[in-house]
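Owing to the predicted nature of the structure, the values given are computational and were not obtained by experimental measurement. Naming convention: chains lettered A, B, ... in sequence-line order (proteins, then strands); numbering from 1 in each chain.
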Protein chains: 2
Amino acid sequence: MPLTIKVTEETFTPRQQAVLTAALDLLVENGDGLTMTAVARRASCSKETLYKWFGDRDGLLTATVQWQAAKVRMPQVDRSGLSAKTLRASIEQFARDLLTVITGEVSITLNRTAVTHAAQEKDSLGMIVLENGPLAIRRRLKPILEAGRDARLLRFTSSEDAYRTFFGLVVRDVQIRLLLGDKALTQTNVADNIEADVKAATDQFFALYGAKATTA
Amino acid sequence: MPLTIKVTEETFTPRQQAVLTAALDLLVENGDGLTMTAVARRASCSKETLYKWFGDRDGLLTATVQWQAAKVRMPQVDRSGLSAKTLRASIEQFARDLLTVITGEVSITLNRTAVTHAAQEKDSLGMIVLENGPLAIRRRLKPILEAGRDARLLRFTSSEDAYRTFFGLVVRDVQIRLLLGDKALTQTNVADNIEADVKAATDQFFALYGAKATTA
DNA sequence: TCGCAGGCGTACCGTACGGTACGGTTCTAG
DNA sequence: CTAGAACCGTACCGTACGGTACGCCTGCGA
């Protein structure tokens, strides 16, 4: 399977999507339990079909991650009619989206899979996850930030730095702890605190980059 | 091998440490290449000895991680004679230590190993890494922060929140991108920027929590 | 009705690797 | 000098899993 630049829902037939769903379910249920035999049994198809469609195990894994990533379509935030209020609402929404995604079971599983993959000098899965996680957020957030600057609501020199600070303020140590399986961070526990964390992170972001703030 | 509460250098004989060094080297060179046969060959010992000393593959892995973690002894920062200047220097030192560690090849390898491990419902390695990484920093940073607050140099209500914000400001998206194998983040590239990042993160931390700052 | 493509299920193969067994060697204690 | 413990090297076993081959069934177009 060659490098696929863009994966849409139509890239796979419904039957293939059913197979990928089975693969993703297995992955979530039991991280490394993604054996070709298990997928074939779960999806009620033959292994031969799997190899015909996806080439090899890595191809199936890649297709699964790409397909799942294509499903995550974050809500577009309106850029027009920018006011202090709407800007803040947009930023909060980004923070909420980000936290909701990274604390989700599917995201944790895919990130773990990609990290494992990267430990074997194969970074393709990592790039896919990056591309559809942090980088996707960045692509959508940067224009908002720059619009905020144009409207004299934000102050910064590098929108890249502003974005990365935002990421840090929102994610903090939550993602790495979840990936490492920290039991002190029960998922429900995290989910319950998302709203408070969103507000705190947004407050801090405006404290650093708001028009009235003085940054170094 | 039962749960070892604390691992010191003396926990293992020199010969055993040589074995663990070999294991760590193999892990760094080639993430998943840690086979018992490879370790035995690299360390010039027999597999039987490995099993006698470490029980099974997981025991060897755990011992390797624990032993490496025990080697990382971060420099203690002086808490006495707290002034604005020394406090800032301490904070900067923490930021520098944190960034230096997480961008190191060994840290990346161990984190990847622990994440992979956590994907198999085995969180012991994850806890060890957490305990000796983020949590170790936290244990040492919190007293400094609280001393800074007592000296009216910092303002915050929860030192836990202050620590986590510090972590986010320093680490941002660097760690997850390194774990995912982002090629855009060459290690040398990151290393060259550490000083600038340290300064920026410290500035932002003081902007949020410095005595003169107004936080929400 | 016939032929055939697509696909299911299963049996099969090769290999890699965790774990064990065992003979041979070195070192130490008595 | 000898007995035994520790340990090295290697051969071996069992299993899990990636990948292939093949027989069978179903649906569909001619």
Subject >> Interface residues of residues 40-51 of chain A with DNA chain C (non-hydrogen, below 4.0 angstrom) >> reply: S44(A), C45(A), S46(A), E48(A), T49(A)

Original post:
What residues form a salt bridge (Lys or Arg N to Asp or Glu O under 4.0 Å) with E195(A), not counting sequence neighbours?
Top reply: R96(A)

Original post:
Sequence neighbours excluded, which residues qualify as ring pair (Phe, Tyr, Trp, His ring centres under 6.0 Å) partners of F167(A)?
Top reply: none

Original post:
Under the ring-ring contact (aromatic ring centres under 6.0 Å, His included) rule, what pairs show up with a residue in residues 176-198 of chain A, not counting sequence neighbours?
Top reply: none

Subject >> Inter-end axis angle, the helix from dT1(C)-dA30(D) to dG30(C)-dC1(D), with every axis fitted to five base pairs (rounded, 10 degrees) >> reply: 10°

**OP:** For K52(A), check salt bridge (Lys or Arg N to Asp or Glu O under 4.0 Å) against everything at least two apart and list the hits.
**Re:** none

Original post:
Which pairs count as salt bridge (charged side-chain N to carboxylate O under 4.0 Å, His left out) when at least one residue sits in residues 170-185 of chain B, sequence neighbours excluded?
Top reply: D123(A)-K183(B), R164(A)-D173(B), R172(B)-D197(B), D173(B)-R177(B), R177(B)-D182(B)

Tabulate protein N/O versus nucleotide N/O from nucleotides 24-27 of chain C, keeping only pairs under 3.5 Å, one per line.
none

**OP:** Output the residues of residues 116-127 of chain B in contact with DNA chain D, where contact means a heavy atom of the residue under 4.0 Å from an atom of the strand; sort by number or write none.
**Re:** none

**OP:** Can you sort out the partners of A200(B) under side-chain contact (heavy atoms from CB on, under 4.5 Å), two or more places apart, ordered by chain and number?
**Re:** none

**OP:** Give every residue pair that meets the salt bridge (charged side-chain N to carboxylate O under 4.0 Å, His left out) criterion with at least one member in residues 11-31 of chain B, sequence neighbours excluded.
**Re:** E29(B)-R42(B)

Subject >> Nucleotide range of DNA chain D lying under 4.0 Å from chain A heavy atoms >> reply: dC17(D) to dC22(D)

